[in-house]
Protein chains: 2
Amino acid sequence: MSAENSILAILSFWPSSGYDIKAEFEHKAAGLYWGMSYGSIYPKLKKLEEEGLIFPMEKEEEGRKKKLYELTSNGWGEFEKWLQATPAYPVVKDELLMKMSTWHEDMDSSVLISHLQARKATTEDILKFVKEWPTNGNSYISNYGMLSIRYAEKRLKTELEWIEESIEALIKDKLPTGQDPYGNTDKMMLRRREALKTLKENN
Amino acid sequence: MSAENSILAILSFWPSSGYDIKAEFEHKAAGLYWGMSYGSIYPKLKKLEEEGLIFPMEKEEEGRKKKLYELTSNGWGEFEKWLQATPAYPVVKDELLMKMSTWHEDMDSSVLISHLQARKATTEDILKFVKEWPTNGNSYISNYGMLSIRYAEKRLKTELEWIEESIEALIKDKLPTGQDPYGNTDKMMLRRREALKTLKENN
DNA sequence: TGTTGCATGTAATCAGTTACATGATTTT
DNA sequence: AAAATCATGTAACTGATTACATGCAACA
């Protein structure tokens with residue numbers, strides 16, 4: 001349900017086409033907190049039109065023709081109802097963290113370091129964008145929007161700090177000490193070697 | 001594809017049942033970076049078994065019977081291949097941030113404050129858990145796992161700081177200044193009032 | 001004139017959740 | 001004896017992506 005609402009939210013800024021909405025999710029404000037592909041956007045625009053929440057206003061001037069959608073009064077109503085509803089706590093799916101949590105001693109830690117370096121590069125790019133964007137002279141950002149940009153900035157900086165610390169710890173082989181009350185690391189390594197031995201025997 | 005890999009990853013710790021895996025995603029390490037419901041887990045276990053990556057080992061002792069799954073040698077291979085593949089950059093879907101970015105002046109900001117307070121409460125709970133967990137005396141956390149716990153801790157603390165700053169700014173009505181080179185805020189308010197006027201006329 | 005970017009859209013597919021159904025064991 | 005928790009599973013549904021198909025406009 002919330003994917004449709006985020007389309008309404010984008011249309012609240014100004015009338016937009018499907019293409020514009022995609023761009024907004026790709027390089028702009030909304031992209032930091034949400035994402036969506038054409039295969040979702042166009043069918044949803046159609047659905048929202050059928051529900052009477054938006055209507056198409058065939059474009060004026062300029063070379064290219066595009067189909068801009070604008071909120072109806074019901075659309076505004078729906079949008080503001082959504083704003084007031086308690087937001088769901090974000091569900092995180094972070095493959096790097098998942099991999100790191102299940103990394104083990106028989107794996108080459110330099111691979112994990114290179115995962116961290118890749119993450120660092122992307123995070124730095126996004127941080128650069130987030131810093132420049134509110135003063136680029138042509139993007140619209142409301143005062144409320146600035147609050148969420150501050151969030152992005154803080155969060156990305158913290159992430160970079162952690163990445164650097166972690167790379168450092170891995171290189172110097174000074175990882176923090178975990179907790180293993182039942183000797184699980186050893187058990188795990190035994191299970192693994194046992195399983196891989198079986199593989200050799202079968203080949 | 002990665003959902004299956006995260007099941008393999010959990011099984012790498014120790015043989016587990018579908019129920020165990022769910023629990024792991026709910027209250028433990030993995031839950032901070034991933035999530036999954038029974039409706040996904042059981043069919044995936046079946047599929048992984050068919051693919052020869054895991055096999056069931058009917059439970060030993062204890063009262064309840066459960067079906068523990070263990071990695072095969074191919075399962076270990078697949079798991080470690082996955083560990084080495086470059087992780088995708090996490091896709092964030094944060095409804096609170098999306099709402100905040102599109103909040104506007106005709107909406108009661110006390111509602112936004114209460115959204116922030118709800119988020120704060122949940123974040124505090126999770127932070128508390130994350131802090132206690134590595135020293136609870138019975139959970140297994142590898143040294144690599146500790147690195148990712150540090151991430152969670154840092155990130156949650158940063159989030160709390162930002163929430164407090166933001167509540168403060170909203171209460172005192174001292175929001176940071178955004179950027180509005182084409183007078184969009186005014187245009188938006190006009191469009192909105194125009195649309196809502198139409199609604200009144202039709203009722 | 002060929003390539004890139006703008007622009008809209010659909011069909012096939014994949015991934016996931018919710019709700020339901022069932023039943024055993026443990027605790028109160 | 002009832003309630004809670006452990007435990008497994010399926011069917012219906014929702015939601016979203018990928019790949020494909022199409023075509024015009026701008027530009028080099």
Side-chain angles (χ1 to χ4, degrees), chain A residues 1-8 10-11 15-28 30-31 33-51 54-69 82 88-93 95 98, chain B residues 1-8 10-11 15-28 30-31 33-51 54-69 82 88-93 95 98:
Chain A
M1 177 80 267
S2 194
E4 272 148 52
N5 284 305
S6 64
I7 289 181
L8 296 181
I10 294 208
L11 296 184
S16 310
S17 66
Y19 198 85
D20 296 338
I21 292 169
K22 181 75 201 298
E24 196 72 29
F25 282 126
E26 219 139 65
H27 337 281
K28 312 253 188 77
Y33 326 114
W34 213 266
M36 217 181 292
S37 64
Y38 290 128
S40 289
I41 293 169
Y42 286 107
K44 291 222 179 289
L45 285 172
K46 204 176 180 180
K47 198 184 159 208
L48 288 167
E49 188 186 344
E50 281 163 17
E51 290 170 350
I54 63 177
F55 65 96
M57 28 189 326
E58 217 55 59
K59 236 307 276 332
E60 322 91 79
E61 337 99 67
E62 285 172 62
R64 290 162 199 278
K65 58 199 160 333
K66 49 159 121 177
K67 206 170 164 185
L68 297 180
Y69 286 93
W82 170 75
Y89 201 83
V91 179
V92 179
K93 302 222 167 173
E95 226 183 330
M98 191 70 203
Chain B
M1 176 81 265
S2 193
E4 272 148 52
N5 284 304
S6 65
I7 289 182
L8 296 181
I10 294 210
L11 296 184
S16 310
S17 67
Y19 197 84
D20 295 338
I21 292 169
K22 181 74 200 301
E24 197 71 29
F25 281 127
E26 219 140 64
H27 338 281
K28 311 253 188 78
Y33 327 113
W34 213 267
M36 218 181 292
S37 64
Y38 290 126
S40 290
I41 294 170
Y42 286 107
K44 290 220 181 291
L45 285 172
K46 204 175 179 181
K47 198 187 159 205
L48 289 168
E49 188 186 345
E50 280 163 17
E51 290 170 351
I54 63 176
F55 65 96
M57 26 186 331
E58 216 56 57
K59 236 309 277 324
E60 324 90 80
E61 335 100 68
E62 282 173 63
R64 290 161 199 280
K65 61 204 159 325
K66 46 160 121 177
K67 206 170 165 185
L68 297 180
Y69 286 93
W82 170 76
Y89 201 83
V91 179
V92 179
K93 301 222 166 175
E95 226 183 330
M98 189 73 201

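Reminder, nothing fancy here: chain letters follow the sequence lines and each chain counts from 1.
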**Asked** A:Leu68 has an atom CG; how far is it from atom P of C:dC6, in whole Å?
**Response** 15 Å
**Phosphate-side-chain proximity, B:Ser37 and C:dT18, N/O vs OP1/OP2 below 4.0 Å** = no
**Request:** Provide, to the nearest angstrom, the distance between the CD1 atom belonging to B:Ile7 and the P atom belonging to C:dA15.
**Result:** 12 Å
**Minimum-distance nucleotide to B:Ala3 side chain [options: D:dT8, C:dG16, D:dT17]** = C:dG16
**Complete:** Sequence neighbours excluded, the answer for side chain to side chain donor-acceptor pair (under 3.5 Å) partners of B:Tyr89 is A:Thr123
**Request:** Pull out every stem in DNA chain D, meaning runs of 3 or more consecutive Watson-Crick or G-U wobble pairs with both distances under 3.5 Å.
**Result:** C:1-28 with D:1-28
**OP1 or OP2 of C:dG9 under 4.0 Å from side-chain N/O of A:Lys67** = yes
**Message:** So if I apply the side-chain contact (heavy atoms from CB on, under 4.5 Å) rule between A:Met36 and each of A:Ile7, A:Ile21, A:Ile10, which one comes out positive?
**Reply:** A:Ile7
**Request:** Answer yes or no: is there a side-chain heavy-atom contact under 4.5 Å between B:Phe25 and B:Ser37?
**Result:** no
**Message:** Please confirm whether the shortest side-chain N or O distance from B:Tyr19 to OP1 or OP2 of D:dT8 is below 4.0 Å.
**Reply:** no
**Message:** For the residue pair B:Ser17 / B:Asp20, report whether a side-chain donor-acceptor contact shorter than 3.5 Å exists.
**Reply:** yes
**Request:** Would you mind reading off the distance between A:Lys22 atom NZ and D:dA16 atom C1', rounded to a whole angstrom?
**Result:** 12 Å
**Request:** Starting from C1' on C:dT17, measure out to CZ on B:Phe25 and report it in whole angstrom.
**Result:** 15 Å
**Asked** Any side-chain heavy atom of B:Tyr33 sitting closer than 4.5 Å to one from B:Ser6?
**Response** no
**Asked** Whole Å only: how far is the NZ atom of B:Lys46 from the P atom of C:dG16?
**Response** 18 Å
**Message:** Nearest to the side chain of B:Ser40, heavy atoms from C-beta on, is which of D:dA7, C:dG16, C:dA7?
**Reply:** C:dG16
**Asked** 5'-most contact on DNA chain D: B:Lys93 or B:Gly18, nearest heavy atom basis?
**Response** B:Gly18
**Separation of D:dC20 P from A:Tyr38 OH (nearest whole Å)** = 17 Å
**Request:** Establish, with yes or no, whether the OP1 or OP2 oxygen of D:dT8 is under 4.0 angstrom from a side-chain nitrogen or oxygen of B:Lys65.
**Result:** no
**Prompt:** Counting just side-chain N and O atoms, does A:Lys66 come under 4.0 Å of either OP1 or OP2 of D:dC24?
**Reply:** no
**Gap separating the NZ atom of A:Lys46 from the OH atom of A:Tyr69, nearest 0.5 angstrom** = 9.0 Å
**Euclidean distance, atom CG of residue A:Asn5 to atom P of D:dT14 [Å, nearest integer]** = 16 Å
**Message:** Whether A:Glu51 and A:Lys47 form a salt bridge (side-chain N of Lys/Arg under 4.0 Å from carboxylate O of Asp/Glu) is what I want to check.
**Reply:** yes
**Complete:** In whole angstroms, the gap separating P of C:dA7 from CG of A:Leu45 amounts to 14 Å
